[in-house]
Structure formats: structure tokens, C-alpha cells
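Worth knowing before you read on, the calculation uses all heavy atoms, side chains too, and leaves out hydrogens, waters and symmetry mates.
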Amino acid sequence: LLTGSSKGMGKAMALALAQHGAKVVVSSRKQDQCDAAVVEINEICGSEAAIAITCNIGYKEQLQSLVDQTREKLGPIEILVSNAGINPFYGPMSEISDEAFDKVMASNVRSNHWLCQMVSGDMIKSGNGSIMITASTGAFSPSTTLGTYNISKLADIALARNLAAELGPHGIRVNAICPGLIRTDFAQAL
């Protein structure tokens, strides 16, 4: 199960997992983009490699629906790539609105927490699993334009560390992925 996987880095991860034999769920907010990614992956890997399920990570009920539909269509979840994230504000932290700050933290951190809680039961039951949370190298340095985003990504690293401590004894690996700048639509402003 991959969030934020209809394009860019997420789609590349979904394709790589499918090429290694995984059945993947491509998920993002837009059905047409999910469908296009699934067609591309299935053309390369076979018609049963990927399915599309839309989800806006900012809503807990949509995340639960994503998890429920994944289980219904593919069975227990063995791998989670929590890749979706947002950055609605580019500028100094002194100018970010409370609403934008809350939205970044809720989408980039709280939604990952929710999703990990929703899928970890399958992994605990099987004694095996892998959770990857996309953070960023931006978590390790200050920025005059991406401060809140970077704070959220540092929080994601802390979330991964804590989940690794809690879930590791159950055979579940939890890691934060920290990419640098990659030429995607998401990074266009940079």
C-alpha cells in the first residue's frame, strides 16, 4: 500500500515494488492520476500487478477506507509506503498562517501515525512487515522558505524511530526515507 503514488517518486516506488512481485495499491487524491499510473504499471508488470484506490490523507475516514479496501481486494497488508505529503506554503515561518501550519503537520505527520496504526495489526499478526515513511533531507537543516515542511519531516523521522522501537519486536521494520531534491511536480518551486 503506497500513498502519494500516482506520480513522481511514489509512482517509481510502486513500479519497483510491482517489478519485484508485489501487488500494489496506487493511491492519491485524484482518480484519473491513480488510474493512469495503474495502467502504466500493469503494462510493464502484468494486468494484476496494481490497483487504484483514491484517498485524501488528511481525512482519517478516507485512510481507514483505503486500508479496508486494500484488505478486501488484496488481503493483509505486508508493506506500507507512507509517501503522500503536502506543502501549501513557501516562505518564512513568520508568515505562515495557523491554518497552513496545522494542515502541514496534520497531513505530513498525523496521517502517517494514523495509517501506521491501521496497518500494523496485519503485520503483527504475521510477525513480519515493512513500513516506510517518506521524510526529507530537509529535516536536517533550517530553511527560510520550507521551515514548517522541514519540521514535519523531522517529526516523521521521530515517528519512524518510535514505531521501530514498538513494532520491531514483532518482526516489523520501520524506516524513514530521506530523499534530497528530486525533479518532480512536488519540487517544482525549488
If two hydrophobic side chains count as joined below 4.5 Å and joins carry through other members, does [X] share a cluster with [Y]?
X    : Y    : result
M105 : F89  : yes
L2   : M132 : yes
V109 : M118 : no
L63  : V104 : no
L159 : I124 : yes

- prompt: Crowded around R71 CZ? As in, over 12 foreign heavy atoms under 6.0 Å?
  reply: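 Counting other residues, nucleotides and ligands, CZ of R71 exceeds 12 neighbours.
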- request: Taking atom CG of D32 as the centre, report whether more than 12 heavy atoms of other residues, nucleotides or ligands fall under 6.0 Å from it.
  value: yes
Say you draw a straight line from [atom1] of [X] to [atom2] of [Y]; how long is it, rounded to the nearest 0.5 Å?
X    : Y    : atom1 : atom2 : result
C178 : F140 : SG    : CZ    : 4.0 Å
S136 : K153 : OG    : NZ    : 7.0 Å
I131 : I77  : CD1   : CD1   : 10.0 Å
I53  : Q62  : CD1   : CD    : 12.0 Å
C116 : H113 : SG    : NE2   : 9.0 Å
Q31  : C55  : CD    : SG    : 11.5 Å

Where [X] and [Y] come nearest, the two heavy atoms and their spacing:
X    : Y    : answer
W114 : Y59  : CZ3-C, 4.3 Å
S107 : I57  : O-CD1, 3.3 Å
M123 : L80  : CE-N, 4.0 Å
A158 : N162 : O-ND2, 2.8 Å
T54  : S27  : C-OG, 4.2 Å
K23  : E48  : CD-O, 3.2 Å

- prompt: Is there a donor-acceptor contact under 3.5 Å linking the side chains of N112 and S82?
  reply: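 Distance-only check passes for N112 and S82.
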task: List for me each residue that meets side-chain contact (heavy atoms from CB on, under 4.5 Å) alongside E78, sequence neighbours excluded, and say none if there are none.
output: none
task: Apply side-chain contact (heavy atoms from CB on, under 4.5 Å) to S143 and list each qualifying residue two or more places apart in sequence or on a separate chain.
output: T145, L146, N150
- line: Across all chains, not counting sequence neighbours, the side-chain hydrogen bond (donor to acceptor under 3.5 Å, both in side chains) partners of S5 are none
Between [X] (side chain) and [Y] (backbone), is there a donor-acceptor pair under 3.5 Å?
X   : Y   : result
N42 : A49 : yes
N83 : G4  : yes
T3  : A84 : yes
T70 : L66 : yes

Considering only distance and modelled atom types, tabulate donor-acceptor pairs under 3.5 Å from the side chains of residues 163-174, sequence neighbours left out.
none

query: Can you check side-chain hydrogen bond (donor to acceptor under 3.5 Å, both in side chains) on S65 and E61, steps first, answer last?
result: CA-CA 6 Å; S65 178; E61 62 278 1; over 6 Å; no
task: Walk me through it: do V81 and L1 pass the test side chain to side chain contact (heavy atoms under 4.5 Å, CB included)?
output: CA-CA 6 Å; V81 181; L1 172 58; over 6 Å; no
- prompt: How would you list all residue pairs meeting salt bridge (charged side-chain N to carboxylate O under 4.0 Å, His left out) that involve residues 100-113, not counting sequence neighbours?
  reply: none
query: Step by step, would you call I51 with L74 a side chain to side chain contact (heavy atoms under 4.5 Å, CB included)?
result: CA-CA 9 Å; I51 63 171; L74 299 179; 4.0 Å; yes
Check whether any side-chain heavy atom of [X] sits under 4.5 Å from a side-chain heavy atom of [Y], and report yes or no.
X    : Y    : result
E43  : V39  : yes
N108 : Y149 : yes
L154 : D156 : no

Table please: side-chain donor-acceptor pairs of residues 9-20 below 3.5 Å, with sequence neighbours left out.
{"unit_1": "K11", "atom_1": "NZ", "unit_2": "E40", "atom_2": "OE1", "d": "2.9"}
{"unit_1": "H20", "atom_1": "ND1", "unit_2": "A16", "atom_2": "O", "d": "2.8"}

